[in-house]
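Quick notes on the structure that follows.
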Amino acid sequence: MGVLKEEHGKYPSHKRSDDELGSYAWCLRNKIVIGPIPLWGDDYGNWTVQITMNGKTNVDPNKYKKESIMHKVYEYCDYYYNKYKKDGE
């Protein structure tokens with residue numbers, strides 16, 4: 001018998017240390033929720049990013065592989081952190 005592949009839809013691991021998760025934590029504290037979403041059907045095996053802010057949810061139209069999806073999530077976190085943070089936060 002062969003080795004089973006990791007189940008699609010299982011939350012991807014990340015490679016950032018606690019010190020590098022500042023923008024992610026800031027987003028959560030400020031009700032900006034950014035996370036990976038698995039795609040199904042014809043896009044099975046791909047992921048996208050969902051962003052919820054001010055009661056509105058948007059989805060990145062691009063598709064990413066599981067190995068790179070968390071990098072994109074953190075890219076979005078860094079973007080919103082740099083765009084909206086106020087001095088002293």
Tyr84 and Met53 have their tightest heavy-atom pair at OH-CE, 4.1 Å
The residue among Lys65, Lys63, Lys66 that forms side-chain hydrogen bond (donor to acceptor under 3.5 Å, both in side chains) with Asn46 is Lys65
For the OH atom of Tyr80 and the OG atom of Ser23, what is their distance to the nearest 0.5 Å? 12.5 Å
Kindly compute the distance separating CG (Asn62) from OG1 (Thr48), expressed to the nearest 0.5 Å. 7.0 Å
Output all residues satisfying side-chain contact (heavy atoms from CB on, under 4.5 Å) with Pro36, sequence neighbours left out; order by chain, then residue number. Tyr11, Pro12, Trp47, Ile69, Met70, Val73
Using the side-chain contact (heavy atoms from CB on, under 4.5 Å) rule, pick out the option among Val59, Ile37, Ile34, Asn58 that qualifies with Val49. Ile34
Name all residues meeting the side-chain contact (heavy atoms from CB on, under 4.5 Å) criterion together with Glu75; count only those two or more places apart in sequence or in a different chain, and write none if there are none. His71, Lys72
Could you grab the distance from atom CD1 of Ile51 to atom SG of Cys77, nearest 0.5 Å is fine? 8.5 Å
Using only atom types and a distance under 3.5 Å, with no angle test, would you say the side chain of Asn82 pairs donor to acceptor with the backbone of Asp78? yes
Determine whether the side chains of Tyr76 and Asp60 contain a donor N or O and an acceptor N or O closer than 3.5 Å. yes
